[in-house]
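Below is one structure, written out as structure tokens; comments come after it.
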Amino acid sequence: MSGPLDYQWEEERYTDGSKWRFLEHKGPVFAPPYEPLPSKVKFYYDGKPMKLSAPAEEVATFFAKMLDHEYTTKDIFRKNFFKDWRKEMTSEEKSKITDLNKCDFTEMSDYFKVQSEARKQMSKEEKQKIKEENERILQEYGFCVMDNHRERIGNFRIEPPGLFRGRGDHPKMGMLKRRIRPEDIIINCSKDSKHPKPPPGTKWKEVRHDNKVTWLVSWTENIQGSIKYIMLNPSSRIKGEKDWQKYETARRLKKCVDRLRSQYRDDWKSKEMRIRQRAVALYFIDKLALRAGNEKEEGETADTVGCCSLRVEHIKLYPEIDGQEFVVEFDFLGKDSIRYYNKIPVEKRVFKNLQLFLENKQPEDDLFDRLNTSILNKHLQELMDGLTAKVFRTYNASITLQQQLKELTSPEENIPAKILSYNRANRAVAILCNHQRAPPKTFEKSMQNLQTKIDAKKDQLSDARRELKSAKADAKVRKDEKTKKAVETKKKAVQRIEEQLMKLEVQATDREENKQIALGTSKLNYLDPRISVAWCKKWNVPIEKIYNKTQREKFAWAIDMADEDFEF
DNA sequence: ACCCTGACTTAGCATTCCGGTT
DNA sequence: AACCGGAATGCTAAGTCAGGGT
């Protein structure tokens, strides 16, 4: 696949800002067309059955499919849905259906439940057939040719229509996400490639040949009016190189971070308020790994903030609390409406500055009123080429992993214990970056199951120990080869069971500590994979224990590149 | 200086897959 | 063979940041 070069990521890169010379692909896969419900499945309005027009019925099914979700009980969701649903109705339907509370979708909902149950019950052969068809589509549409490589495409299927589900308190939840047609689609490919054909009887919106970008297909989504793209898989050359570059930038920050830190500490004393604000914000970004915090259009999205957009109401100052001085309490909703809560002591100067920033302000006022991400990033750019706020997150995440691995790995431990250490180091990073998850619904049960296994293993162990003891006693009396051998066998059995027990206990510890923490995001986006590869090589831990197949594909560049001496 | 948009990365949850157990 | 649970994968929303226009 990579031709005469061993490492495709060592091929020459373009210096003129172009991303490719040749790009050929088959275009997107559209969502399957709507299939009307069988006539026996009824919708009821005000208790009476009512046949809906196909467009109105389709939108109704979107709601019916979500009936069990608490979304559908929320006022905003219902209001947005109803408004958009009415747009799809015929004028007769519109005049009849005026109150969502009088709509009964339960038959539709039950019908879909039966269907999904039936899908699960399909025979092996039927499932196999579907699998093969999916594989065929993947082979046809899931790959493209970019320059000399056949590359996997990330998301070649167009998002199907449905009801928009925002995260957190989103003002647009419940709105109709409309169906995307060929006429909405912009194709990007090279002139000299075989252009993808639109489905019979349709046309693309546009075919362009822009090699300054990496996307293959784009369309404009109707909820926020933003553009969506089809791009390559993370295993592709173009993504891998970019990823590598990202970590190289973070490593350059490592070289000058001391200088930057002493500079922003100096700036806490500046005569100029804007410089003090910039310096305190940067301190937060560095110390707490906060995101930059762009401004957002009010009312268009959920109310979330990052560092530069923090408001007065998001922090509390305690000159003294719990025996600590100069404590700042953060409490705000960040990206994806995930809560950030932290109470930390800060330097006296920072504290005094924060008091100053808060003077004469209302709770809803900006904490940093002389600062935004653009000002901050322009400043950072002057300090180091390529430096932006998010580089601090990458740098601090990766350096933390490296330090924690050094601290936590003990040479004499066995492989499961080493992996626990790795996960703990990973966890330290996830906590730093505030990567949370909802505790899995099955968490308690799965912990219980594991405990049952541990108990059983303990019983098994004491049985094995008892047997060993009696075998030893036996051997002492008889002193023959056969009984000696029996002792050895029993000893081995005890050892094996001890090892199994220890494995289970490690697993339980790991799972418990991981209850509300998501490791995946930092592993995939913040940790220089070369640190992990080097650690695996150093301690003879198979890389498969740390990265699954997909991750190994994404990090192929690092797996080839890093030896055990790699230092971030 | 400010605003807007396009391109790209980062994010958590939902769904599917798969291998072990009953 | 059916079932189950955890891991892997898929999905798409929600960020960051640069660049162009006014």
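Letters go in sequence order (proteins before strands), and every chain restarts at 1. Hydrogens, waters and symmetry mates are skipped; everything else that's a heavy atom, side chains included, is used.
Contacts of Ser374(A) with the nucleic acid, taken as non-hydrogen atoms under 4.0 Å apart, are absent. Among the heavy atoms of the strands, none lies under 4.0 Å from Arg119(A). Using a 4.0 Å heavy-atom cutoff across all strands shown, Arg167(A) reaches at least one base atom of the nucleic acid. Among the heavy atoms of the strands lying under 4.0 Å from Lys19(A) are primed sugar atoms or P, OP1, OP2 only; no base atom is included. Among the heavy atoms of the strands lying under 4.0 Å from Lys131(A) are primed sugar atoms or P, OP1, OP2 only; no base atom is included. Heavy atoms of Ala389(A) sit under 4.0 angstrom from primed sugar atoms or phosphate atoms, though from no base atom. If you check every strand for non-hydrogen atoms under 4.0 Å, Glu221(A) touches nothing. No engagement by Gly520(A) is indicated, since no non-hydrogen atom pair under 4.0 Å with the nucleic acid exists. Counting non-hydrogen atoms under 4.0 angstrom, Gly306(A) reaches nothing in the nucleic acid. Within the 4.0 angstrom heavy-atom criterion, only backbone atoms of the sugar-phosphate kind lie near Ile338(A); the bases stay farther away. Pro234(A) comes within contact range of no nucleotide atom at all, as no heavy-atom separation falls under 4.0 Å.
For CZ of Arg370(A), the number of neighbouring non-hydrogen atoms (other residues, nucleotides, ligands) closer than 6.0 Å is 12 at most.
You'll find a donor-acceptor pair under 3.5 Å spanning the side chain of Lys335(A) and the base of dT10(B), going by distance alone.
In the model, Asn211(A) has no side-chain atom that pairs as donor or acceptor with a side-chain atom of Tyr14(A) under 3.5 Å. When only modelled atom types and interatomic distance are considered, Tyr547(A) and Ser532(A) share a side-chain donor-acceptor pair under 3.5 Å.
Once rounded to the nearest 0.5 Å, the distance linking CG of Leu367(A) with CD1 of Ile315(A) reads 4.5 Å.
Regarding contacts with the backbone of dT5(B), every side-chain N or O of Ser226(A) stays at 4.0 angstrom or more from both OP1 and OP2.
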